[in-house]
Amino acid sequence: FLHRRPVRYPPRLQEEFVFVLCLNGTFQVTESNTTTRITEGELFAGNSYCLRTSEYGADGPCEGLCLIVSPKLLPPNSIFE
């Protein structure tokens, strides 16, 4: 993704796990009442079924990669249960 302007996603519950790698710029995520600021080179790992909101590009352009994983794809008894 590449956000050239601020983009804010409203609070939501997602069944999936999410992994977001910041390649350039910054973004912030609030999950379970904890706000985390992610900068270039850092990885955010979001839990399944946690209330989450996020904001990208508030401090300038923000670029990154996102991987969304369904719990259904994970093997039984995995560390994500």
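Computed from a prediction, not measured in an experiment: that's the story for all the values here. The first residue of the sequence shown is numbered 1, and numbering continues consecutively from there. Just the heavy atoms: all of them, side chains too, but no hydrogens, waters or symmetry mates, feed the values below.
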Can you name the nearest heavy-atom pair linking [X] to [Y], along with the distance?
X: Ser32; Y: Cys50; answer: OG-SG, 3.7 Å
X: Gly25; Y: Cys22; answer: O-SG, 3.2 Å
X: Ser48; Y: Pro71; answer: OG-CG, 4.0 Å

query: Just by modelled atom types, is the Asn47 backbone N or O under 3.5 Å from a matching donor or acceptor in the Arg52 side chain?
result: yes

message: Can a donor-acceptor pair be found, under 3.5 Å and without considering hydrogens, that links the side chain of Ser70 to the backbone of Lys72?
response: yes

From CA spacing to verdict: side-chain contact (heavy atoms from CB on, under 4.5 Å), Phe1, Val7: CA-CA 11 Å; Phe1 61 83; Val7 175; over 6 Å; no

task: Please answer: with hydrophobic residues joined when any side-chain heavy atoms are less than 4.5 Å apart, are Phe17 and Leu21 in the same cluster?
output: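 Phe17 and Leu21: one cluster.
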
field: Reported CG-to-CD distance for the pair Leu51 and Gln14, which is rounded to 0.5 angstrom
entry: 10.5 Å

field: Side chains of Tyr9 and Glu55 in contact at under 4.5 Å (non-hydrogen atoms)
entry: no

- prompt: Taking C-beta and beyond as the side chain, do Ile68 and Glu16 meet within less than 4.5 Å on heavy atoms?
  reply: yes

side-chain hydrogen bond (donor to acceptor under 3.5 Å, both in side chains), paired with Ser54, selected from Glu31, Arg8, Arg12: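 For Ser54, the side-chain hydrogen bond (donor to acceptor under 3.5 Å, both in side chains) check succeeds only for Arg12.
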
Show me the donor-acceptor pairs, under 3.5 Å and distance only, between side chains in residues 36-46 and residues at least two apart or in other chains.
unit_1	atom_1	unit_2	atom_2	d
Arg37	NH1	Asp59	OD2	3.3
Arg37	NH2	Thr26	OG1	3.4
Arg37	NH2	Asp59	OD2	2.1
Thr39	OG1	Glu42	OE1	3.1
Glu42	OE1	Thr39	N	2.8

task: Would you check, one step at a time, whether the test side-chain hydrogen bond (donor to acceptor under 3.5 Å, both in side chains) holds for Thr53 with Thr30?
output: CA-CA 5 Å; Thr53 185; Thr30 300; over 6 Å; no

field: Under the side-chain contact (heavy atoms from CB on, under 4.5 Å) test, residues paired with Arg5 that sit two or more places apart
entry: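 Applying side-chain contact (heavy atoms from CB on, under 4.5 Å) to Arg5 gives none.
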
task: Under the side-chain contact (heavy atoms from CB on, under 4.5 Å) rule, what do Leu23 and Leu65 come out as? Steps first, then yes or no, please.
output: CA-CA 7 Å; Leu23 298 175; Leu65 296 171; 3.9 Å; yes

